[in-house]
Amino acid sequence: MSSAGAPPVVPTHSSYAETDLKYQHKFTIAWASILGFFLLISFPRLYASTRSGIAFKGFFGISESWDAKQYHALSVSRKTARKGGRIEAILNKASSMLWWTLPGAGVNVGQLLFLGGYIALVVSCIVVDASLVKNANRAGRIALAQLPIVFLFATKNSALSLLLGPGNGYEKLNLVHKWAGRGIFLGCVIHGSLWIKNHLDTETPILGQDKETTGIAAFALLCIIVLTSVLPVRRWFYGAFYNLHIVTFVAFFITVCYHTPEAVPWIFPALAFYGLDILLRMLRLRIKDALLVPCDKQMTLIHVQDCTDGWTAGQHIRLRVFSSGRVLESHPFSLLTAPPETTCVTAFPQGVNLGVRVMGDWTKALNDYATQTVEVLRKQEDEACLDEKKQVAMTSVELAGASKRAAFNAPPPEVPVQVMIDGPYGGCSIDLGRYENVLLFAGGAGATFTLGLLDDIVGRCVKLGRRNGEVTKRIEFAWCIRSFGAIDWFAPALMDIATMAASASSDLSLHISVYVTCLCNPEAVPPIPNCDVTIVRPSIYRVLIDLVTPPTGLASSSYNDIQEIPRLPSETADNGRPVMVATQTSSATDGKDETEVDVVFDPSVRNRLPWIGLGGGLAVCASGPESLTREASNAVARLQLVSGVRDLGIVGLHTEVFAL
Ligand SMILES: Cc1cc2nc3c(=O)[nH]c(=O)nc-3n(C[C@H](O)[C@H](O)[C@H](O)COP(=O)(O)OP(=O)(O)OC[C@H]3O[C@@H](n4cnc5c(N)ncnc54)[C@H](O)[C@@H]3O)c2cc1C
């Protein structure tokens, strides 16, 4: 066998290296230009939101306002969905086709095209003008050039979120972070495997020399990052995934710098983005007093005190609680009510209110802590009350009565805690005030997001008297839950909002549909105005079609006439509670696919809301599990496909997935 000779030398100053460097720069210019294009088309929204004071609201975090300033809506009525011209309607219809989402894909057609383009850019920069077999460095260089992208789109406090305008929080940008990470992995696999092949061909030892050993070590660390980022690990071991992600990236950076000095210039921008994130986070962190209210074993309400400014409806914060034994974890939760100057909710304290649904370890520990502490507090109160009564020598019957009274008169069960809040982040990408028709559709705890938006739009239209030119006329608030008891979680807030919408001064029509998928305890339904409770999980498409269909009896020729038809009030029983409509149903559950739950169900929204004609635009916001938001996207895309070009006016869609 012939001698293997020395391992191949990396041609740093060769023509290969020059060409590689050129393509590394070309790649950087290409992605920066694409980003510039998106920033350019987002500029009008950024400008509008800056003028209305929304864009940078919360930049320094949530605060307490001493003089309540007036709230300005994002749209400020510069352009309503009805005023959009034919070209805008055609563009809107065409772009809504990009909302189609395939089951299991997790991305819609628009995102798929974007990501396909990104991977094509990566691959072409790796292979064009490259002799990869002789010199595998191009792939490694393109991997390095993606490091700034990975960090720019990963950080929670990124300049991009601000510049792209409301609704482009880290949770939306994270998709690019994931795919740029996969792009790095692809580059490293090509680079590493071709060098290993090269070594095998020349019979050179793969480990031993510094260059090779650090290369293999860096690749092993990258494999750890990739393996611990797969969905099941993220879903079941989120904390481990998150911490490993950070630790392994630091180790990867150190190793890759030993592997090649070419890595250093690409690591600095990445570190700068991360440093900015940490700095902004420091500015936005707040430690506050809060009250935990356990509604039942599934829901804990959190009222955070002295937080009355610096956020808008639809945003979320990341929360850490200092008492439930899991201080190290922070979790995202949507702001349940609108800011104080807009909110219609009087049942909850003014400021930050959160609804935390029991999902796993952390949320369960919080609920258990709140429930147990409430029990202890109640016991102590009862004992104190009975001790006092004993002193005035009561009979046993009187004592039993006193105990009951003490329980009855007890203040609402609240557990004081300290919390750390980080944010606000995200938000709704569409302004509901631009659209005459609005559908808010939520599954389970997803209602925290839609409830905040509902509170905001009702407050702006009724409480603030449409001072920013809001045009919203009809709102359908649909909420799918598993059991009747869940209605109680947000019933006080819903009652306040529905009462405001039904008040004499209101020219806004709100209908609430609660869809329950379990036949237990219907007596628990609270008396919310203009609310129907149905034992079925409908398809979102049917609800949408129903919302844009004139009431029974109205001739189809008058579909687009602006003629007000008074709504039929929802049926109520003698006790003022909504009447239950039991409908033939399949075994539907929260968040199931449209196809799985296409049940015999005729929604009655069209008869509950006044008909105002079409053309004024339709806004759809859906929140909850990914299957539900996917169904909503597909329903809107399908509706756009079957409706004429200007039938509905401009259609807006925002979806909020309650998982990262
Ligand atoms: C933008 C956003 C807003 C949300 N708003 C609300 C809300 O208002 N009310 C509500 O009840 N729930 C909300 N959620 C969901 C909530 O954050 C999770 O249910 C909660 O973090 C689960 O924690 P756990 O440890 O109890 O459950 P686990 O079983 O440990 O986790 C359940 C799921 O939650 C996700 N998750 C776990 N830990 C985190 C974390 N630290 N950060 C992000 N996701 C995590 C994982 O994907 C996992 O699959 C929201 C989620 C997001 C992304």
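When a ligand or atom number is given, it counts from 1 through the structure's own listing order.
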Under a 4.0 angstrom heavy-atom cut-off, which atoms of ligand 1 come close to [X]?
X	answer
T448	7 (C), 8 (O), 9 (N)
R318	41 (N), 42 (N)
V356	11 (O)
D361	25 (O), 26 (O)
A445	10 (C), 11 (O)
G360	24 (P), 26 (O), 27 (O), 28 (P), 29 (O)

Is it true that [X] and [Y] have ring centroids separated by less than 6.0 Å?
X	Y	answer
F249	F253	yes
F490	F348	no
F333	W362	yes
F151	Y170	no

Give yes or no for whether the N/O distance cutoff of 3.5 Å, strictly under, is met between [X] and ligand 1.
X	result
E329	no
V657	no
H331	yes
W362	yes
S330	yes
F658	no
R235	yes

How about [X] and [Y]: do any of their side-chain heavy atoms sit closer than 4.5 Å?
X	Y	value
L628	V657	no
I62	V352	yes
R357	Q298	yes

For the pair Y238 and H245, evaluate ring pair (Phe, Tyr, Trp, His ring centres under 6.0 Å) and give the outcome as yes or no after the intermediate values. CA-CA 10 Å; Y238 189 89; H245 219 59; 9.8 Å; no
Contact partition for H316 relative to ligand 1, non-hydrogen atoms under 4.0 Å: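 Looking at H316 and ligand 1, just side chain atoms fall under 4.0 Å.
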For ligand 1, which part of F333 has a heavy atom less than 4.0 Å away: the side chain, the backbone, both, or neither?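 The answer is both.
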Pick from [options]: the one approaching [atom] most closely through a non-hydrogen atom:
atom	options	value
atom 45 (C) of ligand 1	Y425, Y170, Y238	Y238
atom 43 (C) of ligand 1	P332, G423, G239	P332
atom 26 (O) of ligand 1	T363, L451, N367	T363

For F153, enumerate each residue passing the ring pair (Phe, Tyr, Trp, His ring centres under 6.0 Å) test, keeping only those at least two apart in sequence or located in another chain.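 F153 satisfies ring pair (Phe, Tyr, Trp, His ring centres under 6.0 Å) with no residue once adjacent residues are dropped.
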Does at least one non-hydrogen atom of G355 fall below 4.0 angstrom from an atom of ligand 1?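 A heavy atom of G355 does come that close to ligand 1.
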Taking only Lys NZ, Arg NE, NH1 and NH2, and the carboxylate oxygens of Asp or Glu, determine whether E656 and K172 approach each other closer than 4.0 Å.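 Looking at K172 together with E656, the answer is yes, because their closest N to O distance falls below 4.0 Å.
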Does D431 pair with R460 as a salt bridge, N-O distance under 4.0 Å?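 Yes, D431 and R460 are salt-bridged.
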Could you tell me if R234 sits above the aromatic ring of Y242, with its cationic atom closer than 6.0 Å to the ring centre and no more than 45 degrees from the axis?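 Geometry flag: not set, cation outside 6.0 Å or 45°.
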